[in-house]
Structure formats: C-alpha cells, structure tokens
2 protein chains.
Amino acid sequence: MPKELSPNIQDYLKRIYELTRDGGLATTSELADLMAISPASVTNMLQKLSNTEPPYLTYTKHQGVRLTEAGRRAALKILRRHRLLEEFLVAKLGYTWDEVHAEAEILEHAMSPLLEERMDAVLGHPEFDPHGDPIPDSNLDIPVIQQTSLANLKIDQGGKILRVPHEDPQVLRYLGKCGMRPGVEIKLLSRTPYDQTMRLLIVETGEEVVIGPKLGGQITVRVG
Amino acid sequence: MPKELSPNIQDYLKRIYELTRDGGLATTSELADLMAISPASVTNMLQKLSNTEPPYLTYTKHQGVRLTEAGRRAALKILRRHRLLEEFLVAKLGYTWDEVHAEAEILEHAMSPLLEERMDAVLGHPEFDPHGDPIPDSNLDIPVIQQTSLANLKIDQGGKILRVPHEDPQVLRYLGKCGMRPGVEIKLLSRTPYDQTMRLLIVETGEEVVIGPKLGGQITVRVG
DNA sequence: ACTATTATTTAGGCTTACCTAAAAGTAGTC
DNA sequence: GACTACTTTTAGGTAAGCCTAAATAATAGT
Ligand SMILES: [Mn+2]
Ligand SMILES: [Mn+2]
Ligand SMILES: [Mn+2]
Ligand SMILES: [Mn+2]
C-alpha cells in the first residue's frame, strides 16, 4: 500500500497535476523552474516516482511525465487540503487573499485527515477557494467548470470572473484593489493590437481596469 | 543569526525544556526514550546543538544537557505554538482534549509567525491550553504558577486542579470521563499505604475518583 | 544534412538525521 | 579497589533530496 508521501513528493505531484490539466506532458525544466531546483534533481525524482509500486507517473525519457491514476489521486488530495486551508484562513482567521497561498503551501503537508474534515465542516463544505479554484470534495471529485480565459474574450463581450492566479501576492493585491474578484461581472472594452493589453469595465462600479496579456491569460471568466 | 530550526531540533529543544524545568539536567537516555530513537542519535544531536553559534545547550559528556538562553527561547517559541494550537483546535474546530496533542505536535512546525498571531488574536490571547498548561505570551513570558502535585496533598486537603498530563489520549479520556479537568475543585479522601492509590472527591458533583500514584504525580493543584 | 543551441540525463558528492555495533566511561557492591 | 551493570560515546553506514559538472539527446536555423 502507498505509504505516506513526503512533503516534497506531494508538491511534485501537485505541480505536475497543474501542468498537465490540459492533457499535455509536464517537462523537467518546467518543474525545475516552478520548484526552484536543478533539472538534475527533477529528473531524479521523476524517475523515482515512475518506479514505485504503484507508479505515480509515467515517464518517457526526454519527453516528460504525466500522472497515473494513483498520482492524480495523491495530487487531488493535497490540492484539496491546500484550497481548504486558503479558504479557512480567509474565512476564519482574517487573512487577505494574497497572504494565504504561501501559508497553505506549508500547512497542507502537516494536515491530518481529521483536521481536513473539521475545517471542511466548519466552512460548510465550500466549493471554491478564495481565488475561485474548485475544492475537490471528500471523494476527490472536482467539478469541471465551463470557462474561458480573458484573452479569448471578444470586444464588448461581458462575463463573470471565475478564477484568478493565486501564487503571486503582488498580483493579488493589484487585482483586489481593482475589484477583480471571482463573481464580479466585467466587460471587455478594448484590446491593443500589438501588445494585447486589455481595458475592462467592472460593471457594478463602472470602473475601468487595465490588464496585460500575461495576466489576462490566467484569469478565467464565464461568458455571458 | 539563528537560522530556521528543523522540526526535529525544535522537538529536541522542547523535550529538553520539559525535562529541565525543575533545574536539573536532561540525560541522553531520557531523550532517546521520549523521542523513540537510539541513544547514539541523541548524543550526536546534543553535541551538534552545543556547538552552534550561539549554542542552544550546554553539554557535559556523560552528564547531560541544559538549555542556554537561546535554547530556552527557541523552546518557548515552539511551546507557545503547540499550546495555542491545542487551544485553537478545541475552541474553534470541535476537537476533544485527547485529540489535540498529536495534531499540535506536527502543526507546530508548520506555523508561521502570522498564523501564530492570528490564532492568538481570535482566541483572545488565552493564558492556558486545554490541559491547563500556561501559554507563553508573544514576548515568551510564561507565568510561574504556584502549584503542587496531587501526590503531595494531605488527607482531607482540598484543591483546585491546575493541570493534567497532555500526551496520552487514553489518560485524557479517562480523566475527562471522571470530571478531572483544570479548574475543578477536588478533595483527597484517602491514600492507600503501600501503592499510594488515591481516592478523590469531585466537590461539585460529589463523585469519587481513583487515581494511581504515577498519574497523580502528574496532576497539579492549587491547595486551598 | 550539419551545426549550434537548448533540454535532459548521468555521474559523483554533500548534508541531515537516523541506525547498529563496539568501545569507553560511571556507579554501585563487595 | 576491583567487578559488574548500565549509560554514553565513537565509528562507520544508510536513505532522502538536494547540488554541480559532464555527457547525451532533441530541436531549430541554414
Ligand atoms: Mn494556492
Ligand atoms: Mn506545499
Ligand atoms: Mn500537548
Ligand atoms: Mn513536534
């Protein structure tokens, strides 16, 4: 049976899950970048995780990796804890949404099943974390949400913000100040031709917000 | 400057603090027992911790160790987190007092200064944890409390329970069922001559409780 | 197709924190 | 003061998870 995975390994699996949600492969260098360690260390770990019984991922030399079902479940388990923690910190301990990711990144590895269950209960089984990411339920089922990147919005098209990137506190503080939160209705006013910078209208307040293409690609909306 | 201490080291220092609160020395084998590791490993770590700059403890070969001021502060820091966590889990997440120690033993190492501060605040700066142990304040000041072990109580002498041992869930469930909680008034009814078993009266309920000498030595009261 | 660049893997090492086995020190008993 | 039982230390070794440097594979430009 799968013994307890180390914090490192839990983070590897979570990263690989995020990188392969689109169906592709995660590469050595992407992982090395994200985790700020050397590519050699990543290769080592990927080989190790593909040789366990059962394997957590399938590894093709020089191509990349993808999670097995065992790997996906392990990733969702830690993702559930991460997102529950973020929600808990905001809802019950007065954290702002830019403070919670780093904290959850550590605490997720110290969280027992009991604590997970109690937090879930006192929060009323929340479906989304503060950044709009869905929280897998206790069976690790995670809803598939119909959504598009801001980058795909057409001029004058409106939509409701579903999720924003969650790792960078600076970005989150900026978005918060602009009123760009999950649930907020926006409308695309313009997109500059060369650098794809967007001007958005926050419908409720009438305020205008400028979002670059890199950030815009990471914000998702429901069109309509 | 003191870099971040590893979870292991934090636990070593906390254990040594507990073993030397009476002013004595902590020995290699006591620590090996408590931490369930080999004496050789303990020796190794004690030497290491006495050779840091600044040293966390003073080590005398074959005699034992005692904390330096740096060691004491590190121990109190982690003890504060441990006890705040225990209180938080009981007060805010519906834990029973026998469930919190094991959980806190892990979480204490994953707790940021910010989380410590927020928990302290939402709890209203509690002075005691669920087992009656004092929580060091944010300056690491810890109150000295006038108290005696149950073992020192004279027949017919009464007192208020101050603290109970906190590590063993079974013991805690037993004490809980008997009504032996911090704050409860008791009176010593009898003590058997050979094995020192005590019969106690819970004043409020009129119930009688039997406590052996080993457990009795770990429960403290304020006489009166 | 060849070469330059970039990505990945292999090889060899380091640190932390544990282990066992053997050596050495301490203390209590005669 | 010597013997014995017990505790502690030393010596040598392991596993994780990281590192750098060197070797190899993949990719892109001409
Ligand atoms: Mn996050
Ligand atoms: Mn993490
Ligand atoms: Mn405790
Ligand atoms: Mn601990």
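In the text below, chain A, chain B and the rest are named by the order of the sequence lines, each starting its count at 1. We use all heavy atoms of the structure for the numbers below, so side chains are in, but hydrogens, waters and symmetry mates are not.
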Rounded to whole Å, please give me the gap between [atom1] in [X] and [atom2] in [N].
{"X": "Met35(B)", "N": "dT16(C)", "atom1": "CE", "atom2": "C1'", "answer": "14 Å"}
{"X": "Asp33(B)", "N": "dT8(D)", "atom1": "CG", "atom2": "P", "answer": "10 Å"}
{"X": "Leu46(B)", "N": "dT9(D)", "atom1": "CG", "atom2": "C1'", "answer": "11 Å"}
{"X": "Asn8(B)", "N": "dT15(C)", "atom1": "CG", "atom2": "P", "answer": "18 Å"}
{"X": "Ile37(B)", "N": "dA15(D)", "atom1": "CD1", "atom2": "P", "answer": "19 Å"}
{"X": "Lys61(B)", "N": "dT8(D)", "atom1": "NZ", "atom2": "C1'", "answer": "10 Å"}
{"X": "Glu4(B)", "N": "dT16(C)", "atom1": "CD", "atom2": "P", "answer": "15 Å"}
{"X": "Leu25(B)", "N": "dT8(D)", "atom1": "CG", "atom2": "C1'", "answer": "14 Å"}

Task: Euclidean distance, Asp133(A) CG relative to Glu86(A) CD, rounded to 0.5 Å - done: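 Rounded to the nearest 0.5 Å, the CD-CG separation comes to 7.5 Å.
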Task: Closest-nucleotide ordering on DNA chain C, the 5'-leading residue of Ala40(B) and Lys48(B) - done: Lys48(B)
What nucleotide among [options] has an atom nearest to a side-chain atom of [X]?
{"X": "Thr28(A)", "options": "dT8(C), dG17(D), dA17(C)", "result": "dT8(C)"}
{"X": "Ser29(B)", "options": "dC18(C), dT7(D), dC19(D)", "result": "dT7(D)"}
{"X": "Ser41(A)", "options": "dT20(C), dT8(C), dC19(D)", "result": "dC19(D)"}

- [ ] Answer yes if the side chains of Asp11(A) and His109(A) hold a donor-acceptor pair under 3.5 Å, and no otherwise.
- [x] yes
Open item on the list: Quiz question: by atom type and distance under 3.5 Å, do the side chains of Ser149(A) and Asn152(A) form a donor-acceptor pair?
Closed with: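 No, no side-chain donor-acceptor contact under 3.5 Å.
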Report yes if at least one side-chain N or O of [X] is closer than 4.0 Å to OP1 or OP2 of [N]; otherwise report no.
{"X": "Tyr12(A)", "N": "dA16(D)", "result": "no"}
{"X": "Gln63(A)", "N": "dT8(C)", "result": "no"}
{"X": "Tyr59(A)", "N": "dT9(C)", "result": "yes"}
{"X": "Thr43(B)", "N": "dT10(D)", "result": "no"}
{"X": "Gln47(B)", "N": "dT8(D)", "result": "no"}
{"X": "Ser38(B)", "N": "dC18(C)", "result": "no"}

Task: Earlier contact from the 5' end, DNA chain D, for His62(B) and Asn44(A) - done: His62(B)
Open item on the list: Measuring centre to centre across the rings, with the benzene-like ring taken for any Trp, is His101(A) within less than 6.0 Å of His82(A)?
Closed with: yes
Open item on the list: Given the ring of Phe128(A), does Arg83(A) sit roughly above its face, with NZ or CZ under 6.0 Å from the centre of the six-membered ring and within 45° of the axis?
Closed with: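 Negative - Arg83(A) is either too far from the ring of Phe128(A) or too far off its axis.
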